[in-house]
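Remarks on the structure that follows.
Only this structure's heavy atoms are used, side chains among them; waters, hydrogens and symmetry mates stay out. Each ligand, and each atom within it, is numbered from 1 in the order the structure gives.
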Amino acid sequence: MKAVVYDQPRSISVRDVPDPVPGPGEVLVRIEMCGICGTDAHIHAGRFFSEYPLIPGHEPTGRVAAVGEAVTSVAVGQRVAVNGNTGCGGCGSCRDGYPLMCRNLRCLGVNGPGGFAELMLAPEANVFPADDLPVEVAVLAEPTACAMHGMEILRPAPGADVLVFGAGPTGLILAQLILHCGASRVTVAAPSVFKLDLARSFGIPVTIVADRADAAATAARARAIAPDGFDIVVDATGSAAVTEQAVPLAKDRGTVLVYGVTDPADRVALSPYDVYRRELTIKGSFAQVSSFPKALAMLRSGHVRTAGIITHRFPLDRFADALDALRHDPACHKAVVVPAA
Ligand SMILES: [Zn+2]
Ligand SMILES: [Zn+2]
């Protein structure tokens with residue numbers, strides 16, 4: 001099969017590799033579409049616990065091509081979404097019942113072979129039927145599952161007033177989940193006007209243009225909406241400068257959720273006195289291991305809308321262009337790789 005292969009960070013090749021063969025309990029998926037996101041840019045640079053050689057691609061969807069012995073829950077030809085993340089089951093965190101913090105966390109597309117390939121193997125337990133969803137929706141199961149885990153962490157109080165920085169695909173999915181889980185108002189702030197238009201088309205009631213070069217102007221626009229601050233401020237940008245900006249915009253006793261992926265070396269300045277005096281809470285939300293069923297339910301229900309999110313499609317051998325579009329093309333919202341293209 002053809003696959004994107006990193007022999008080491010920053011060295012992309014697209015080449016033929018042996019077809020994977022499903023062992024007992026494994027499902028072989030013929031990839032129809034695999035999403036690319038900011039995390040792939042970190043993986044490209046060798047960060048985010050990636051291991052090489054690597055076939056990247058952690059947002060895969062496709063059709064079952066073959067099943068190993070004892071697989072009963074999916075059949076050949078069925079469309080499925082693949083959850084690439086599994087705890088080892090044996091480490092302290094897994095035994096504590098929190099496999100997401102597994103010390104040996106396996107993430108297909110990060111430290112195991114992922115979906116930027118014609119074929120991919122996954123354990124049966126990680127494969128979710130999605131015949132009823134168009135492929136353009138099924139491919140968003142992984143980012144929606146991550147956003148759903150964000151909800152499990154955030155647990156917004158009924159009637160919460162929420163500001164979300166970032167209108168990327170996950171920012172917009174998370175904003176919709178917050179809206180449908182009891183918030184009284186959700187405001188999305190981002191620099192890109194077409195992404196804010198998309199946010200409003202998804203039912204997000206308020207949007208503000210964020211000026212990355214002028215944090216004070218952005219803060220003033222946010223303050224005009226919520227003079228006392230927001231109950232919850234989410235940073236879904238992956239920019240440490242935005243995290244820094246988020247903390248003062250939280251209301252007294254408010255919560256800041258760090259949701260974007262930054263460089264591990266990034267640092268922010270915040271006032272511990274402010275956190276103490278105003279009893280602020282700062283939370284983090286990382287990936288997910290068990291949020292696929294609820295994410296798929298939210299996509300099926302139509303509460304999470306996705307029409308128009310995918311703006312760019314690339315064949316496998318243009319993976320480098322896909323990564324480039326993600327990082328440098330201001331008109332790119334969600335890019336996907338389509339191996340059959
Ligand atoms: Zn992703
Ligand atoms: Zn473990």
Side-chain angles (χ1 to χ4, degrees), residues 4 6 31 33-45 47-51 54-62 81-117 120 122-123 125-126 128 136-150 166-174 177 235-238 258-263 284-292 295-296 299 304 306 309-314 319 322-323 325-327 332-337:
V4 175
Y6 281 102
I31 301 297
M33 198 177 266
C34 185
I36 176 165
C37 82
T39 304
D40 290 299
H42 287 284
I43 291 166
H44 175 82
R47 299 188 288 263
F48 204 74
F49 62 95
S50 42
E51 288 174 20
L54 174 70
I55 298 175
H58 61 277
E59 302 179 2
T61 186
V82 180
N83 173 8
N85 302 348
T86 325
C88 72
C91 75
S93 300
C94 286
R95 283 166 187 263
D96 271 346
Y98 210 78
L100 186 54
M101 291 299 126
C102 175
R103 288 159 215 176
N104 315 301
L105 187 67
R106 182 152 168 91
C107 296
L108 302 179
V110 180
N111 59 8
F116 294 136
M120 172 185 181
N126 291 46
F128 293 83
E136 294 81 6
V137 177
V139 76
L140 295 166
E142 195 277 346
T144 305
C146 290
M148 184 53 77
H149 179 65
T170 43
L172 292 191
I173 291 169
L174 183 59
L177 289 175
D235 173 13
T237 68
V258 180
Y259 185 78
V261 185
T262 60
D263 185 324
S285 172
F286 159 70
Q288 60 77 44
V289 286
S290 55
S291 306
F292 259 62
L296 286 164
L299 289 168
V304 171
T306 58
I309 282 188
I310 296 173
T311 52
H312 289 53
R313 294 158 194 259
F314 296 90
F319 175 72
L323 209 52
L326 175 84
R327 291 184 294 184
C332 181
H333 199 221
K334 185 71 175 173
V336 295
V337 169

Minimum side-chain heavy-atom gap Phe49-Cys107 below 4.5 Å: yes
Charged N-O contact under 4.0 Å between Arg313 and Glu136: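 Salt bridge flag = yes for Glu136 with Arg313.
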Arg327, CZ: over 12 other non-hydrogen atoms inside 6.0 angstrom: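 Atom CZ in Arg327 is crowded, with more than 12 foreign heavy atoms closer than 6.0 Å.
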Trace of the side chain to side chain contact (heavy atoms under 4.5 Å, CB included) decision for Lys334 with Val139: CA-CA 11 Å; Lys334 185 71 175 173; Val139 76; over 6 Å; no
N/O/S from His58 sitting under 2.8 Å away from the Zn ion (ligand 1):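 It does: His58 brings an N, O or S atom closer than 2.8 Å to the Zn ion (ligand 1).
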Whether Glu59 has an N, O or S atom under 2.8 Å from the Zn ion (ligand 1): yes
Angular separation of SG (Cys91) and SG (Cys102) seen from the Zn ion (ligand 2), to 10°: 110°
Metal site angle (apex the Zn ion (ligand 2)), SG from Cys94 and SG from Cys88, 10 degrees: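 The SG/SG angle about the Zn ion (ligand 2) sits at 120°.
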